[in-house]
Amino acid sequence: MFRKPQILRRYAEAKSTGGYSFSGSASDKVILADIQTTDADTATESDGDSSLQWIKVFSDDEIRMADEKNGAKADLIWYQGKWYECRSTNYKGNTILRHWISKFVECPNQMEPPKEELLREVQA
C-alpha cells in the first residue's frame with residue numbers, strides 16, 4: 001500500500017575457474033517496496049566506533065540473502081544515498097497480502113551508486 005520505487009542490486013552466482021572463485025556480476029533494477037528504519041548498531045573498528053543503521057523492507061519481489069553454497073552475495077537496496085545489505089528475509093504467504101519482509105543493514109564500505117537513470121526513475 002505504501003510501496004515506492006526503490007533500487008535493488010542483485011549479484012549473480014559466483015564462478016569458479018582454476019580453483020579460484022570470482023563474484024558474479026551485479027545488476028540493478030527498480031522494485032516497489034516500503035522501507036522503514038529500525039534500530040542502529042554500533043560497529044567497533046580500529047579507527048573507532050561507527051553507527052550502522054538497520055532497515056526493514058516490505059516487497060512483493062523476492063529478496064535474497066547471501067548463499068554460501070552457490071556463492072551468491074546478498075541483495076543490496078539503495079536507501080537515502082547508501083547501500084544496505086540483506087541479512088534476513090521471509091516470505092509471508094499466509095494472507096491475502098503475500099509479501100517478503102526483509103531486514104537490511106547499512107554497508108560499512110559503500111560501493112558505487114546506481115546509474116543516474118535509475119536514480120532519476122525512483123525520484124520521479
Side-chain angles (χ1 to χ4, degrees):
M1 180 158 72
F2 299 107
R3 295 184 177 113
K4 296 179 182 175
Q6 306 290 344
I7 299 171
L8 182 82
R9 177 167 288 171
R10 177 155 296 156
Y11 290 90
E13 290 181 8
K15 308 272 189 234
S16 293
T17 305
Y20 294 98
S21 181
F22 300 94
S23 2
S25 60
S27 62
D28 295 345
K29 69 177 187 173
V30 175
I31 65 167
L32 291 177
D34 177 39
I35 298 179
Q36 299 173 4
T37 57
T38 62
D39 298 331
D41 282 340
T42 301
T44 303
E45 304 288 331
S46 59
D47 56 347
D49 290 345
S50 62
S51 178
L52 295 176
Q53 180 66 51
W54 284 82
I55 58 174
K56 191 181 273 191
V57 176
F58 301 84
S59 172
D60 290 337
D61 291 273
E62 179 182 6
I63 304 290
R64 297 180 186 170
M65 296 185 310
D67 184 349
E68 288 184 31
K69 184 176 106 181
N70 293 323
K73 291 183 177 181
D75 286 347
L76 304 177
I77 200 157
W78 183 255
Y79 181 65
Q80 293 184 340
K82 295 180 183 175
W83 285 113
Y84 290 77
E85 179 182 49
C86 180
R87 291 295 177 91
S88 71
T89 188
N90 291 295
Y91 179 66
K92 303 294 184 182
N94 57 341
T95 69
I96 291 177
L97 304 173
R98 294 174 182 92
H99 60 282
W100 291 85
I101 300 177
S102 309
K103 291 183 182 175
F104 286 71
V105 67
E106 181 183 340
C107 296
N109 300 313
Q110 292 289 311
M111 287 70 63
E112 72 282 351
K115 293 182 179 173
E116 285 296 322
E117 58 267 14
L118 282 177
L119 291 170
R120 282 192 299 272
E121 185 177 333
V122 299
Q123 292 172 352

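Bear in mind that the values here come from a model prediction, so they are computed numbers and not experimental data. All values below come from the heavy atoms of this structure, side chains included, with hydrogens, waters and symmetry mates left out.
- Residues passing the salt bridge (charged side-chain N to carboxylate O under 4.0 Å, His left out) test with Asp28, sequence neighbours excluded: Arg9.
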Please list every donor-acceptor pair under 3.5 Å in which a side-chain atom of residues 100-111 meets a protein atom from a residue at least two apart or in another chain.
unit_1, atom_1, unit_2, atom_2, d
Ser102, OG, Thr89, OG1, 2.7
Glu106, OE1, Gln53, N, 3.2
Glu106, OE2, Lys82, NZ, 3.4
Gln110, OE1, Trp83, N, 2.6
Gln110, NE2, Trp83, O, 3.2
Gln110, NE2, Cys107, O, 2.7

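- Within the 4.5 Å cutoff, side-chain heavy atoms of Asp60 are placed close to those of Arg3.
- Within the model, atoms SG of Cys86 and CG of Leu76 stand 9.5 Å from one another, a figure rounded to the nearest 0.5 Å.
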| query | Could you go step by step and tell me if Ile55 and Val57 meet the side-chain contact (heavy atoms from CB on, under 4.5 Å) rule? | reply | CA-CA 7 Å; Ile55 58 174; Val57 176; 4.1 Å; yes
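- Residues Trp78 and Ile63 fall into different hydrophobic clusters, defined by Ile, Leu, Val, Met, Phe, Trp and Tyr side chains chained together at heavy-atom separations under 4.5 Å.
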| query | Checking side-chain contact (heavy atoms from CB on, under 4.5 Å) for the pair Asp61/Lys29: CA distance, chi angles, key distance, verdict? | reply | CA-CA 11 Å; Asp61 291 273; Lys29 69 177 187 173; 4.3 Å; yes
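- Rounding to the nearest 0.5 Å places CG of Leu32 at 8.5 Å from CD of Gln6.
- No continuous path of ILVMFWY side-chain contacts below 4.5 Å connects Ile35 to Met65, so the two sit in separate hydrophobic clusters.
- When the side chains of ILVMFWY residues are joined at heavy-atom separations under 4.5 Å, either directly or via intervening members, Val122 and Leu118 end up in a single hydrophobic cluster.
- Under the 4.5 Å side-chain heavy-atom criterion for ILVMFWY residues, a single connected hydrophobic cluster contains both Leu8 and Tyr91.
- The distance from the CD1 atom of Ile77 to the OG atom of Ser59 is 7.0 Å, given to the nearest 0.5 Å.
- The OH atom of Tyr79 sits 14.0 Å away from the CD1 atom of Ile7 when rounded to the nearest 0.5 Å.
- A 4.5 Å side-chain heavy-atom check between Asp39 and Trp54 finds every atom pair outside the cut-off.
- The line from NZ of Lys92 to CZ of Arg98 is 14.0 Å long, rounded to the nearest 0.5 Å.
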